[in-house]
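Data first, discussion second: the structure below is written as structure tokens.
As the structure is a prediction and not an experimental result, all values here were calculated from the model.
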Amino acid sequence: MCGVVGIVAETDVNQSIYDALTVLQHRGQDAAGIVTCHNGRLNLRKANGLVRDVFHKRHMLGLRGRMGIGHVRYPTAGTSSSSEAQPFYVNSPYGITLAHNGNLTNAQELMNELYQEDLRHINTDSDSEVLLNILAHELGVQRKVKIHNDDIFKAISTLHKRCRGAYAAVAMITNFGIVGFRDPNGIRPLGIGKREGVNGTEYVLASESVAVDSLGYEFMRDLEPGEAAIIGLDGSLELRQCAEKTLHSPCIFEYVYFARPDSIIDGISVYRARLRMGEALAKKIVRENPDHQIDVVIPIPDTSRTSALQLANTLGVKYSEGLVKNRYIGRTFIMPGQTQRKKSVRQKLNAIELEFKGKNVLLVDDSIVRGTTSEQIIQMARDSGAKNVFFASAAPPVRFPNVYGIDMPSPEELIGYNRDDKEIAEAIGADWLIYQDLEDLIEATMHKHNSGIERFDASCFNGDYVTGDIDDQYLSNIRTSRNDKAKSDQTNVDNEVIDMHNNN
């Protein structure tokens, strides 16, 4: 999961892209990058780290240009190598840079095609570099010195035929403009906004509407699945459907966890969806455990707050902020290794003892993935004197890997893998545990919405992969690449490379 932004304006866009990336920081904390175009020259800065740490004054001064794209990276394969920081660049044709959110499920096949048939070299293991080279090749085969919008739309149409999986991307073509496009299933979000400048209209493309709003742009809408947008340097905008067949299937985990609550994705308010998740979960508690004896509902900050508050209101039970978060620690779910996640939980959260002591406490989280965080927080509650500790998840059990850009681990490392609810409760140390039903989650998210959404990708809950190309061999490869041992080995390699560079 990553965040992308692209802007064409009348003045330098470096500060606006920086500001948008800070708003999208929750989507990736591993690396950040910005590239701008000024007088036909590209200015690029990217590195591992948070936005505030990657870009200093000297970097910002060098990022001149009135169009540019930016990226915050979350490592979907566990590695945090700086070589995979985005945006990526190819010089032929035209000089193209690209930033991508998602995951190509046929990346290895495409990599082989690019080398053997298209004669293009891929320098990293990143599927984003593959996506860029597919786009570059499809533009290059048209063999035009000067391109037009029709040429770009044609290239994206062919790209859709070749690429499978999830991709919401922004690309900058030197001296031409910015292109944004979304995969035919619309799994990953990408929206467009505008504002009036002195001499015309300025446009922004971004992963979430909150980034558009924060810059003072008017959010227009999300791109449709398979749709592409071209923003010219002259301030023009053209949108066109480039896919022959679409199936609007946004990732439901965006609404559960990843997106900010103040965002609107595909016309659905993330905040309101999470309120309804809490209400549905409360109704399930009443159905299944009417004598629940809950004294206080405490959210695990930050993502679960909205659902927990509505759950408490529906049950008529006290709501309390009994856990205090250290805001200088990153999101533990997206940290690359299990050891790092375990270490960070106690650094990240601290319990207010008076909210726990002698009480039956219901802890509410947005979801349970590995169970590591849940287990430690439940123990923290007991250490603070809780009489009983109950646990509620606003999402169903995560039992399958996500293959569309979320680094959920190999199935064996998922707490929900081959366990029923009672076994999961025992594993994390809860007195009882309740999960949201998938049907209720879908209803809470959709809720009388009529935006053309045909289904949600809920594959991490039900194993139903919307692209239809995920087989046992693919999942076996995920087991190999995403388990914590593989991530630890890769981290050691990355550290050795960094040390070698530092010593030289």
Side-chain angles (χ1 to χ4, degrees), residues 1-5 23-24 26-27 101-102 166-168 180 182-193 204-214 217-227 229 239 246-283 302-311 314 364 366-367 393-396 402 404-406 436-462 464 466:
M1 189 67 61
C2 302
V4 300
V5 61
V23 172
L24 296 173
H26 61 285
R27 299 187 65 86
N101 172 30
Y167 48 94
R182 200 175 177 195
D183 72 77
N185 293 298
I187 298 172
R188 294 284 156 242
L190 187 65
I192 187 167
V204 57
L205 290 158
S207 294
E208 294 185 33
S209 64
V210 65
V212 175
D213 299 337
S214 69
Y217 285 71
E218 173 193 350
F219 186 74
M220 296 166 61
R221 64 176 178 85
D222 296 272
L223 294 190
E224 296 294 329
E227 189 177 29
L239 298 128
T246 64
L247 180 67
H248 200 174
S249 314
C251 175
I252 203 165
F253 214 72
E254 289 277 359
Y255 302 92
V256 170
Y257 175 79
F258 267 103
R260 272 183 41 159
D262 44 345
S263 282
I264 296 174
I265 297 177
D266 287 314
I268 297 173
S269 164
V270 175
Y271 175 75
R272 289 188 177 276
R274 290 178 184 168
L275 284 176
R276 293 190 291 265
M277 290 175 204
E279 183 177 355
L281 193 54
K283 291 177 179 178
D302 287 314
T303 323
S304 64
R305 279 196 173 106
T306 308
S307 296
L309 179 59
Q310 188 68 4
L311 183 152
T314 304
V364 180
D366 52 79
S367 58
S393 168
N402 183 288
Y404 300 126
I406 303 176
Q436 186 87 265
D437 292 332
L438 181 55
E439 296 77 11
D440 288 341
L441 175 62
I442 293 172
E443 171 59 29
T445 307
M446 182 73 78
H447 191 66
K448 302 177 182 178
H449 187 61
N450 188 24
S451 70
I453 293 176
E454 297 167 79
R455 56 166 287 177
F456 287 102
D457 172 65
S459 52
C460 59
F461 304 125
N462 60 12
D464 181 11
V466 65

Sequence neighbours left out, what passes side chain to side chain donor-acceptor pair (under 3.5 Å) with [X]? Give chain and number order.
X    : value
Q436 : none
S263 : E208
E227 : R221

Suppose we screen for side chain to side chain contact (heavy atoms under 4.5 Å, CB included). Which residues come up paired with [X], at least two apart in sequence or across chains?
X    : result
L438 : P396, L441, I442, A458, F461, N462
M220 : I192, K194, Y203, L237
D222 : R182, F219, D266
L309 : N313, Y319

- Message: Strictly distance-based, threshold 3.5 Å: is any side-chain N or O of D183 a donor or acceptor partner for the main-chain N or O of N185?
- Response: yes
- Please check if the side chain of Y255 supplies one atom and the backbone of I265 the other of a donor-acceptor pair under 3.5 Å.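 Present.
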- Message: Please list all pairs meeting salt bridge (Lys or Arg N to Asp or Glu O under 4.0 Å) that have one or both residues in residues 443-461, counting only residues at least two apart or in different chains.
- Response: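 Qualifying pairs: R455-D464.
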- Task: Please collect all salt bridge (Lys or Arg N to Asp or Glu O under 4.0 Å) contacts where either partner lies in residues 254-264, sequence neighbours excluded, each pair once.
- Result: R27-E254, R188-E254, R260-D262
- Got P250 and F456 here, is their nearest side-chain heavy-atom distance under 4.5 Å?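 Yes; the side chains approach each other to less than 4.5 Å.
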- Item | Any T314 side-chain heavy atom under 4.5 Å of Q310 side chain |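 Yes; the side chains approach each other to less than 4.5 Å.
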- Taking only residues two or more places apart in sequence or in another chain, which ones pass ring-ring contact (aromatic ring centres under 6.0 Å, His included) with Y217? none
- Message: To check you understand the geometry: which heavy-atom pair defines the closest contact between A168 and P189, and what is its length?
- Response: CB-O, 3.5 Å
- Task: Step by step, work out the side-chain contact (heavy atoms from CB on, under 4.5 Å) result for F253 and S367.
- Result: CA-CA 9 Å; F253 214 72; S367 58; 3.5 Å; yes
- Query: With sequence neighbours excluded, what pairs up with E279 under the salt bridge (Lys or Arg N to Asp or Glu O under 4.0 Å) test?
  - Reply: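 Counting only residues at least two positions away or on another chain, E279 forms a salt bridge (Lys or Arg N to Asp or Glu O under 4.0 Å) with K283.
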